[in-house]
Amino acid sequence: MLLKKLIQMEIYKDLNNPQSKEFEQLLNNQLSKIQIEEGKIIDGKINKITEKFVFLFVEGLKSEPVLDINELKSMGLSEKIKVGETIPVLLEKIEDKNGEVLVSASKAQKIKGWDKLVQAYEKNEHIMGKIVSKCKGGCIVEHIDTGSLMFLPGSQISDKPLKDISHLMNEPQKFALIKLDKVRGNACVSRREIISSFKKEDKIKIIEKYKVGDIIKGAEVKGYSTFGCFFNVNGELDVLVHLQEISYSRVNHPDEVFNIGEKHDLKVISVDKEKLQVGCSVKQLSPDPFEHIENYELNKVYKAKVVKIMDFGAFCELEPGLVTLLHSSELSWT
């Protein structure tokens, strides 16, 4: 409005003149088309470059906005520092205390970047970024498309602990947006989620290979647990043999039967495609000794091997897998 009044006062003083009226109408039409508001992102065309500054032309502003060349270079816009190129800027002040127009290219980039992050988050889309530095509790990731900075928690870097992440620095890679704080303008990303999703897709394909009743040859003992033993199959899948599926005989811990690194055949007894788990058995590869229990008769004497002593008696093995209880009251007449 100030620009309009100055032009009106300077160029046409006699409003009764037909030429002045025509010019006034043209001026009003032109100014009404220009929407200049503080807090908006506008495009400025570079019309002058000095050693330290870039001068922009923005239609509707009374003076040329000025940008620091170092600001543009730090944003990766060195190639755009040419006369005639267009730079998006945030219009912070139409006129500051010195009467100058105040704009920021970095803030415009952040705002545009934030809008893209919000869209990706709402659509559950992955974004491309690169880890640019370490910080307390994690790393800083730069959004490749916009230059926006995001936080990568240490727990979200990988699906397994990493002592050194130097090989991941400044490498373009996918990240999942897991949290957005619209009030503070903070974004949190995860690399672990990307890795896990890829592994899940691969694991689904692997799980589909196995069916109940299949025999797995030469699975390697990988580790123990109080509830069973883990085997690695062909380097692509870990399966569990539950404690009850190790032997027909009583087993208190897997290390009583297996040693780490040994190889054993397994029988697939369950396939859970939802939990992506395969259950196996060792004992079901051999006949159940109770299937021929009729070979033993009452009131006949048989030799048995004591395999475990308890307060209430002893467990004795008639043959591998066929265990009977010898109660303490049956040990002696005394």
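In this text, all values refer to a predicted model and were calculated from it rather than measured experimentally.
Glu319 and Tyr296 are linked by a side-chain donor-acceptor pair at a separation below 3.5 angstrom, with hydrogens and angles left out of the test.
Counting heavy-atom neighbours within 6.0 Å of Lys80 NZ, excluding the residue itself, gives a total above 12. Environment of CD in Glu208: crowded, with over 12 heavy atoms of neighbouring residues, nucleotides or ligands closer than 6.0 Å.
Neither Leu102 nor Leu90 shares a network with the other; the hydrophobic side chains, linked directly or stepwise wherever heavy atoms of I, L, V, M, F, W or Y lie under 4.5 Å apart, form separate groups for each. Placement of Val66 and Ile42 in two distinct hydrophobic clusters is found when ILVMFWY residues are connected by side-chain heavy-atom separations under 4.5 Å, directly or transitively.
Partners of Phe231 under the ring-ring contact (aromatic ring centres under 6.0 Å, His included) rule, at least two apart in sequence or in another chain, are Phe258.
Separating the CD1 atom in Ile194 from the CD atom in Gln156 is a distance of 10.5 Å, to the nearest 0.5 Å.
Within the 3.5 Å criterion, the main-chain N or O of Leu168 finds a donor-acceptor partner in the side chain of Gln173. Although no hydrogens or angles enter the test, the distance criterion places a donor-acceptor pair under 3.5 Å between the side chain of Glu262 and the main chain of Asn259. Judged by distance alone, the side chain of Glu71 and the main-chain N or O of Leu67 form no donor-acceptor pair under 3.5 Å.
Looking at Glu85 and Lys45, their side chains never come closer than 4.5 Å, going by heavy atoms from C-beta outward.
A salt bridge is absent between Asp145 and Lys116; no separation between the charged side-chain nitrogens and carboxylate oxygens falls under 4.0 Å.
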